**Student:** 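Before I ask anything, here is the structure I am working with.
Values reported hereafter were calculated over all heavy atoms of this structure, with side chains retained and with hydrogens, waters and symmetry mates removed. Every value quoted in this text rests on a predicted model; they were computed, and no experiment measured them. Letters go in sequence order (proteins before strands), and every chain restarts at 1.
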There are 2 protein chains.
Amino acid sequence: MLNSDLKINQKPSLVDQVEEKLLTYFREKSLKPGDTLPGELALKEALGVGRSVLREALSRFRMVGLLESKPGRGMILREPALFNGLERAMNPHLLSEGKLLDLLGFRLIIELGAVDFIFDNVTEQDIEELEQIVENQVVYENNRFSPQSDYDFHVRLLSIANNESVKQFQHILYPMFEFAKDNFQVFFEKYREKHSGEELVSHNQLLEYLKLGKKEAYRKAMKKHLDIYFQLIKPKK
Amino acid sequence: MLNSDLKINQKPSLVDQVEEKLLTYFREKSLKPGDTLPGELALKEALGVGRSVLREALSRFRMVGLLESKPGRGMILREPALFNGLERAMNPHLLSEGKLLDLLGFRLIIELGAVDFIFDNVTEQDIEELEQIVENQVVYENNRFSPQSDYDFHVRLLSIANNESVKQFQHILYPMFEFAKDNFQVFFEKYREKHSGEELVSHNQLLEYLKLGKKEAYRKAMKKHLDIYFQLIKPKK
DNA sequence: TAGTTCTGATTGTCTGACAAACTATATTAC
DNA sequence: GTAATATAGTTTGTCAGACAATCAGAACTA
């Protein structure tokens, strides 16, 4: 009765144990992508468990792309798709407000932290494509963009940083922002009302600073461009 | 024969399909943590698959903490542990050099992007604890720290940003840096040889800037402190 | 030698069975 | 009538067996 409320002292299931054992097996053997694994029968025998338990553990590896298997051929290890697991868990309804705000903050950190990389790597073509995006974007009022335009611009920006993992992460994070716009609608409206007089920082302006190589001005502008989110996550502390 | 090399055109397994269907089911019903799921028998019936297939899909959810189940009670949804899947996939031997360098870059982005948050939130106690860490740290030579000391300092630093998810992410990333030190040993030695005359930026110095509230100086110092990693990932472009 | 067939191995899926743990109801004792 | 107990049913955890689909390699044949 007490144990059912406290998550502590919850002994790991057989599947958990098998998963753990297999992972340490991979590590200790320093297996590399392309290496083959023993068959299920051999593994189940070596681990002393039923095939179903083994397969439930292996299924987890398949989800993260760590394992690939074909009938008649066997199983081979693959380079895992790092964020597959994250993507499954990214359900705004299942996340607490704290975690949700954390994730919003995570994106802000990325957007600011990538500045140096972006300015180091930016090319003519990046500028040209960004200009085209800015030109074609759908603007509502007072420099607010349609979700798609906003997404396109920021994804293209971040792609300059030349870091596929960060880009993927940002992509997975994006739905949280759409959810936040609904979920914290009251806050958003209040914020906009309060700052109705001020000029917001537009994508055009960010792009201008990037073109001119004004890094610090860009950083400040980006902070202002995303200020509404900075203010949103601030009170939680 | 051709199909075996190309990953394209690989039809998803039944388990994959069931996983997908369940996820959309969770979303469409807007299920929240604590909500109970139908039993396995009912689900397997509704989905038209065997219990083993269903359980292999459910096992994936258990890995990311999205699902919790106890014999005799049933299954309930939980707030997922976002980075569980990432942690399993974080095996340096299984990652390509490109992905590995991406991850190193990811940390650099975080470390720089968190600067604003750190300076906004830093308290007296943060400073005190950081001073204690710096005082007790194990230094090798020329301001190089033991892995543990280095880890302690940077984790404590990032904790000021008050973002649990980012902190967790950094923690999961850390083993990649230890691996990189071994894997790119030649590069590291060359770098240190080349810069043997220069003074490296120490933790003490970073802390000093933080104490004085000199944000821009801190940002530059942090870039220099981590310069060896910036240089390591640079050539890949 | 080249092509074909056969055999065995391997994964994917289904079904059935039983144990363990829990819920709810029914029963009994007072 | 109430409280304690016993019982039955439900649900998850695990195992075992079976069969289909697929593939690799050996054996065989022309």
**Student:** Compute the bend angle of the helix from dT1(C)-dA30(D) to dC30(C)-dG1(D) from the end axes (five pairs per end), rounded to 10°.
**Tutor:**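 For the helix from dT1(C)-dA30(D) to dC30(C)-dG1(D), the axes at either end differ by 30°.
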**Student:** Strictly by salt bridge (charged side-chain N to carboxylate O under 4.0 Å, His left out), give each pair with a member in residues 49-61 of chain A just once, sequence neighbours left out.
**Tutor:**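 Found Asp16(A)-Arg60(A), Glu19(A)-Arg60(A), Glu40(A)-Arg51(A), Glu40(A)-Arg55(A), Arg55(A)-Glu56(B), Glu56(A)-Arg55(B).
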**Student:** Answer yes or no on whether Lys181(A) is positioned over the face of Phe188(A), meaning its NZ or CZ is under 6.0 Å from the six-membered ring centre and within 45° of the axis.
**Tutor:**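 No - Lys181(A) does not lie over the ring of Phe188(A) by the 6.0 Å and 45° rule.
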**Student:** Using whole Å, report how far CG of Leu47(B) lies from P of dC14(C).
**Tutor:**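 Between P of dC14(C) and CG of Leu47(B): 11 Å.
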**Student:** Looking only at the aromatic ring of each residue, does the gap between the centers of His154(A) and His225(A) stay below 6.0 angstrom?
**Tutor:**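 His225(A) vs His154(A): aromatic centres under 6.0 Å.
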**Student:** Are Arg156(B) and Ser159(B) close enough that a side-chain donor and a side-chain acceptor fall under 3.5 Å?
**Tutor:**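 Yes, a side-chain donor-acceptor pair sits under 3.5 Å.
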**Student:** Provide, to the nearest angstrom, the distance between the CD atom belonging to Gln17(B) and the C1' atom belonging to dT13(C).
**Tutor:**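 Rounded to whole Å, this separation is 13 Å.
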**Student:** Give me the ring orientation class for Tyr151(A) and Tyr174(A): parallel if the planes are under 30° apart, tilted from 30 to 60°, perpendicular past 60°.
**Tutor:**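 Geometry flag for Tyr174(A) against Tyr151(A): perpendicular rings.
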**Student:** Just how far, in rounded Å, is P of dC14(C) from CD of Glu45(B)?
**Tutor:**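 So the CD-P distance, Glu45(B) to dC14(C), works out to 11 Å.
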**Student:** Heavy atoms, side chains only, cut-off 4.5 Å: are Leu95(B) and Met176(B) in contact?
**Tutor:**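 Result yes, sub-4.5 Å side-chain heavy-atom pair found.
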**Student:** In whole angstrom, give the distance that lies between atom CD1 of Ile76(B) and atom P of dC22(C).
**Tutor:**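 Checked: the CD1 to P distance equals 13 Å.
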**Student:** If you restrict it to nitrogen or oxygen atoms, what contacts under 3.5 Å exist between nucleotides 11-15 of chain D and the protein, and what is each distance?
**Tutor:**
residue	atom	partner	partner atom	Å
dT11(D)	O2	Gly72(B)	N	2.9
dT12(D)	OP2	Glu40(B)	N	2.8
dG13(D)	OP1	Ser69(B)	OG	3.2
dG13(D)	OP2	Arg55(B)	NH1	2.8
dG13(D)	OP2	Arg55(B)	NH2	3.4
dG13(D)	OP2	Arg62(B)	NH2	3.2
dG13(D)	O6	Arg51(B)	NH2	2.9
dT14(D)	OP1	Leu14(A)	N	3.0
dT14(D)	O4	Arg51(B)	NH2	2.8
dC15(D)	OP2	Gly50(A)	N	2.7

**Student:** Please check if the distance between the ring centroids of Phe179(A) and His93(A) is under 6.0 Å.
**Tutor:**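 Aromatic pair counts; centres sit under 6.0 Å.
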**Student:** Tell me if the centroids of the rings in Phe169(B) and Phe106(B) come within less than 6.0 Å of each other.
**Tutor:**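 Yes; Phe106(B) has its ring centre under 6.0 Å from that of Phe169(B).
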